[in-house]
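In what follows, a single structure is set out as structure tokens and then discussed.
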Amino acid sequence: MSKVKKTIKVIKINADLCNGCRACEVICSAFHASPKYSVNNPARARIRVVFDPVKNIYVPVYAGGYMAAECMGRDKYLIDGKEYEECAFCRSACPSRDAFKEPDSGLPLKCDMCEDDPPQEEPLCVQWCLADALTYEEREEEVDEELELDDMETGLRALADKYGFQNIVDAVARMSQKDEI
Amino acid sequence: MRYAETGYNLEIDLSTGNIEKVETDPKLTELHLGGLGTNAKIMWDRVPPEIEPFSPDNLLIFSSGLLGGTPAPAANRTIVTTISPQTRLVAFSMMGGFFAPELKFAGYDKVIIRGKSPGLVYLWIKDDEVEIRDASHLQGKGSLETSELIKQELNEPKAQVASIGLAGENRVYFSSIEHSRSSASRGGLGAVMGDKKLKAIAVRGTKDINIARPEEFIKLCNEVLQYIQWRADNPIKHVPPILAGLGSPQEMAIHDEEWHTTAFSWGNARYRRKDFWTEEVEKEWTKVQEGAVERLISCYNCPMKCGAVISYPSQELSKYMMKCYSKLTYVMGAMADDLEFGFRIAGLAQAYGVDGFSAPQVMAFAVELYENGILTDEDMPDFPADNEGRFFYLLEKIVRREGIGDVLANGVYWAARQIGKGAEEYDHNTIKKHEQIPIKLGMLNPIFFLLLATGEKINITQIEGQLPQAPFPNPEDRKEFVKDWIQAPSDRIKEFFLKWEPRGEYSFPFYPDFQTACELVEWQETMHYIDDALGLCAGLSSFPIKPPYHINNLPQIISAATGLDIDRDELWNKIIKRNRNLIRAANVRRGLRRKDDKPPQDHWRKRFPEHEAKLLDEYYKFKGWNKEGIPTKETLEGLGIGYVGEDLEKRGIYNEQSEEND
């Protein structure tokens, strides 16, 4: 496999500065709506703020990869005497919870760093975080070239995991006969 | 498709258990926007004056605003409306936090509660599924504890909960509805909730809110955020630090309490302590506050950090949340001198769910009656000798309605009349039967006179705003202030400010002229009514000086969000006037008259009865009201709500003989 230059985009999360306003969820869901900004719904956001004021817990977490199966066990973190809920820091859309899934289709969501044309200076959540809990950094790295699944393929893969590959193929065939697509 | 709003209300009848999802008429949005505007319309239509506050037919409305839950920063207020048991008028207190946006995401603009449940219940709304659930196990639980327990039993950590504490359950006339770090606390709304036996409402929503003109709208939202950032670096000069920035006064971040402690009154709104704030006090209070505040926190989609997580080991839960001035109201009411006491008692009071303005005033009033022999040891057995102990004692009695607490739980006005023996003399800081912020000043301020006298929110911080509270002595500073005053409604207002002096010809009470005073007052009031219809926080709009939302950009913001084309004239002179007059008329129907339009009796030392009467006359005329402060038939017809005037006429209200003018 050949090496390629890749820009690594990093959102630095300073949980101590998070004020729990969830503006990141708001603007994320608005930006990813179609047409852009036409709809707003934090349940569709690719970032969520895990927060529990009574325990003084505030953690912004981004949607990462999709997982077909849930983990064998669950974890809890104890940091500075505070117990963080199961899977609090996990970025995956997985069968064990409803985080990072489209509320109506159940399809997984993933942070794309607000890819846009022309490109945004920073992901929108960073732009809207006036508390500076979220800041943005870029760096160059040499990595192995690799094919990335696009959104549709990720979605199809999730559906195939859920319903079986053959059922998906059958359904697509039926739908195309009925001229639904 | 409906934009910004969901187009649905949830109608709940607690007597029958009936739950209905009702589509609303889009025409009403054009006429009243949403929030307080449409609440006022519902109250007018469905709650005639014969209905008592504790009647099953009284409504309790939890409403989002028209912009609530959209990306517009700080559009998060929940506007709660009902008939107040204390004032017997329409009460419309509000709270920040996360409740209103969540309600919108569940698919509803409002929850309208009627009837009375036989047993204690709570309401659980999850998108289309709505359920009335038993709450008998939550009886007597603190407000925050209730919300934690409900989230746990539903296994819904993202649910938002509004709840009452023991005070609401016991129908204390100044009990609050608590949610997160916020509370809808003015007017005793919690008592109506308790009377309906509704312990809490929990909501979780996962639906969309649509925006009509997305590109334009988001651009305007970005401008708001940029202005907030600019203002953070450019505080207003020549005003106290607490008023220099945006948001609700930044009480949790700022330690300098010179302004509150020396300008406001202590005890039963009696004593100014101009030399209270010393270096020693500042050092001690800073230490206490830094020890108590764990984190500064915000409401939904707002960058301001007006609230804080407070950690105090003596609380029901180890932590609670606080904002603004409630850390001081108990301290100053009790003459306690000790900020630590403030944090301790405020946490407990919040758990019980009482209003942080009224409760300390009522308790200070009781202490004064005791010290003057009107209340005795017979009324207050085992009454402690120390100020702090007395306040804890009274709080426990009031929220349980135990002994004298049962009388005090009705607030200063009613308690004074129940106690008699001259107690009425000590009721000197209420307006329309409602306790006020304890401010006692020297010279009559004609602008605040009108705001205090005629404002039906009956709470000065929710009536005034945007105008510096005092003139800048140096003319050059005024010029500089006016240069980038994009929020000003007109050049006339700028001219007023440029000429305004602390002393001489251009000073209070005879400056400004009547017309300008009326314009200033209406502008400030209008801004609050806009916020309350949109669900915007006053902290980024109607309250602070030079806020990011103002009369000159809001019409565009509303239009882009909703697709309605509303210009400034339509917004101010039609919609907001309509809403304002609807509230006024609903209260007139409940007996509100000119005699009730008064500031607290000794708010200023120097009063000018003739000038004040003339101010009121001119303001009524300016508003299109008659000499009794009643909107005329013509005014109401001109606003397209002629049916309101017909109702007032049918009730014979226009034919009454005025007591004062005869």
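In the text below, chain A, chain B and the rest are named by the order of the sequence lines, each starting its count at 1. What you are looking at is a predicted structure, and each value in this text was computed from that prediction instead of being measured.
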[X], [atom1]: over 12 other non-hydrogen atoms inside 6.0 angstrom:
{"X": "B/D233", "atom1": "CG", "answer": "yes"}
{"X": "B/E129", "atom1": "CD", "answer": "no"}
{"X": "A/K36", "atom1": "NZ", "answer": "yes"}
{"X": "A/E86", "atom1": "CD", "answer": "yes"}
{"X": "A/K82", "atom1": "NZ", "answer": "yes"}
{"X": "A/R157", "atom1": "CZ", "answer": "no"}
{"X": "A/F165", "atom1": "CZ", "answer": "no"}

Does any heavy atom of chain A fall under 4.5 Å from the side chain of [X], the backbone, both, or neither of them?
{"X": "B/Y300", "answer": "both"}
{"X": "B/I209", "answer": "both"}
{"X": "B/F98", "answer": "side chain"}
{"X": "B/Q226", "answer": "neither"}
{"X": "B/K158", "answer": "side chain"}

Rounding to 0.5 Å, atoms CG (A/N19) and NZ (B/K305) come to a distance of 6.0 Å

Distance, nearest 0.5 Å, that separates OG of A/S38 from CZ of B/R213: 14.5 Å

B/R295 side chain vs A/I57 backbone, donor-acceptor pair below 3.5 Å: no

Kindly indicate whether the side chain of B/P71, heavy atoms from C-beta on, has any atom under 4.5 Å from the side chain of A/W128. yes

Taking the side chain as C-beta and beyond, is there a heavy-atom pair between B/F217 and A/N40 under 4.5 Å? no

Are there residues of residues 20-30 of chain A whose heavy atoms fall under 4.5 Å of chain B's heavy atoms? If so, which? A/G20, A/C21, A/R22, A/A23, A/V26, A/I27, A/A30

For A/P103, is it the side chain, the backbone, both, or neither that has a heavy atom closer than 4.5 Å to a heavy atom of chain B? side chain

Using a cut-off of under 4.5 Å on heavy-atom pairs, state which of [options] scores highest against chain B.
{"options": "A/Q127, A/R48, A/E85", "value": "A/R48"}
{"options": "A/C129, A/P42, A/A33, A/P35", "value": "A/P42"}
{"options": "A/V50, A/D16, A/V39", "value": "A/V39"}

Determine the option with the most heavy-atom pairs under 4.5 angstrom with chain A, choosing from B/I211, B/I297, B/D208. B/D208

Between chain A and each of B/I218, B/V309, B/D127, count heavy-atom pairs under 4.5 Å; write down the option with the most. B/I218

